[in-house]
Chemist: 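Below: one structure in structure tokens.
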Protein chains: 2
Amino acid sequence: MNFNQAKTQFIQTWGTLGSEWGINRSMAQVHALLLISPEPLSTENVMEELSISRGNANMNLRDLINWNLMSKVLVPGDRQEYFEAEKDIWEIARRIAKERKKRELEPVLKVLDQLKQADLDKSLKTHQSFLATINDLDDFVGKMDKSVEVMLKADESWFFSTLLKLIK
Amino acid sequence: MNFNQAKTQFIQTWGTLGSEWGINRSMAQVHALLLISPEPLSTENVMEELSISRGNANMNLRDLINWNLMSKVLVPGDRQEYFEAEKDIWEIARRIAKERKKRELEPVLKVLDQLKQADLDKSLKTHQSFLATINDLDDFVGKMDKSVEVMLKADESWFFSTLLKLIK
DNA sequence: CTAAACTTTCAGTAATAATTGAAAGTATAG
DNA sequence: CTATACTTTCAATTATTACTGAAAGTTTAG
């Protein structure tokens, strides 16, 4: 396998993985492309490399910036904007975790806490079962949330070494 | 908020969360419905409760069984099949983790390991950068994979208490 | 100020994914 | 065996999401 084949396959694989995780294919591919690029790339570069339109490239670069996975880079004497990806995988994982915590875990916790307040009749099986599930979920999602907090404060080698030591 | 409102909101919320995670809305809703149901439900019940078609109900129940989140229950003297969800949240999390590990982590590891073998010229910056990213990712995904193994062998209270104690 | 170089937006279109419902398939009671 | 009750499949349809490209917007050099 030569470099171009390997590169193409990596971008493809990352794109597929992205879509399995609810991230659109192009965004994951743009991310993959920037991850392996030694230099920042312009919108033009991304359009050419991935054969996508200007609009698509622009929107996905923007989204990646919103996810805090990329930043704009200015080259003196050049009016084009360039984009550079965060390369540290642990840092990437933390930023994604932080964002998903905020966008998904926290809102769900809020809803679950509201549902606990619902006006229920504990003599009814359906109500009991509902409440039991909500309580269990709230507890579990709360622990997930706290675990992400641990991860956000941790450094990589410590985090995994602690976690993996436990298996022995 | 009364019971029906709470129930509807829970099913809705779970459906939305599902789609953010690449799981189709109906499947997540069927799961939610069964999670809070004190009794197993038939395909008919699911169709009515969620106002979806027979085909849709059938396919999603089937998929949930494939994910090992639900099982068929036979009621003596009744020809209809009933479905019952696993209720233990920790057990649900483990089964999902196990499945995603198999479907996503392991294939990605395989690809990354192949890409490491690609025929590269280490004097080129692009190749160096590619290899560095692939190696870092392989390392990280490998640790994730191992971490899931830890989780699969662990029991809930131990797992979280160990993890959360670390924050203090 | 103005033209050129660039970036962003977004209506229209294309691609993908989910859903329906009826027909085909299967199992069981009698 | 066969009629009935149920389950599964899948082609056609509908809904959702992503993408394009040209027009509008913005910035900067001169």
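Keep in mind that what you see is a predicted model, and the values were worked out from it rather than measured. Below, chains carry the letters A, B, ... as their sequence lines are ordered, and counting in each starts from 1. Quick note: numbers below take in every heavy atom, side chains included, and nothing from hydrogens, waters or symmetry partners.
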Chemist: Strictly by modelled atom types, are Thr133(A) and Asp136(A) linked by a side-chain donor-acceptor pair under 3.5 Å?
Modeler: no
Chemist: Atom CG of Asn56(B) to atom C1' of dC10(D): distance rounded to whole Å?
Modeler: 14 Å
Chemist: Can you measure Ile52(B) atom CD1 to dA15(D) atom P for me and round it to whole angstrom units?
Modeler: 16 Å
Chemist: Looking at dT27(D), does its base get a donor-acceptor pair with the side chain of Arg79(A) below 3.5 Å?
Modeler: yes
Chemist: dG25(C) C1' sits how many Å from Arg62(B) CZ, rounded?
Modeler: 13 Å
Chemist: Give the rounded distance in Å between these two atoms: CD of Glu81(A) and P of dA5(C).
Modeler: 17 Å
Chemist: So if I apply the side-chain contact (heavy atoms from CB on, under 4.5 Å) rule between Ile134(B) and each of Asp113(B), Val111(B), Leu120(B), Leu112(B), which one comes out positive?
Modeler: Leu112(B)
Chemist: So, is Asn58(A) near the phosphate of dT7(C), with a side-chain N or O under 4.0 Å from OP1 or OP2?
Modeler: no
Chemist: For a quick check of understanding: with a heavy-atom distance under 4.0 Å over all strands, which category does Arg54(B) fall into, base, sugar-phosphate or nothing?
Modeler: base
Chemist: Going by the angle between their ring planes, with limits at 30° and 60°, are Phe3(A) and Phe130(B) parallel, tilted or perpendicular?
Modeler: perpendicular
Chemist: Nearest heavy atom decides the nucleotide; on that basis, is Ser53(B) or Thr43(A) closer to the 5' end of DNA chain C?
Modeler: Thr43(A)
Chemist: Please report the end-to-end axis angle for the helix from dC1(C)-dG30(D) to dG30(C)-dC1(D), five pairs per end, rounded to 10 degrees.
Modeler: 10°
Chemist: What is the nucleic acid contact for Asn24(A), judged by heavy atoms within less than 4.0 Å: base, sugar-phosphate only, or nothing?
Modeler: sugar-phosphate
Chemist: Atom CD of Glu20(B) to atom C1' of dA17(C): distance rounded to whole Å?
Modeler: 17 Å
Chemist: Gln80(B) has an atom CD; how far is it from atom P of dA27(C), in whole Å?
Modeler: 17 Å
Chemist: Please say which of Lys102(A), Arg100(A), Lys101(A) ends up in a side-chain hydrogen bond (donor to acceptor under 3.5 Å, both in side chains) with Glu104(A).
Modeler: Arg100(A)
Chemist: I need the CG-C1' distance between Asp78(B) and dA27(C), as an integer number of Å.
Modeler: 14 Å
Chemist: When you match Gly55(A) and Ser19(A) each to their closest nucleotide on DNA chain C, which lands nearer the 5' end?
Modeler: Gly55(A)
Chemist: Can you tell me the distance, in whole Å, between the NZ atom of Lys72(B) and the C1' atom of dC6(D)?
Modeler: 11 Å
Chemist: So that I can tick it off, tell me whether Glu39(A) and Lys125(B) are bridged by a salt bridge, with the cut-off set at under 4.0 angstrom between side-chain N and carboxylate O.
Modeler: yes
Chemist: Do Ser53(A) and Asn56(A) get their side chains close enough for a donor-acceptor pair, meaning under 3.5 Å?
Modeler: no
Chemist: Side chains of Ser147(B) and Asp145(B): do they bring a donor and an acceptor to under 3.5 Å?
Modeler: no
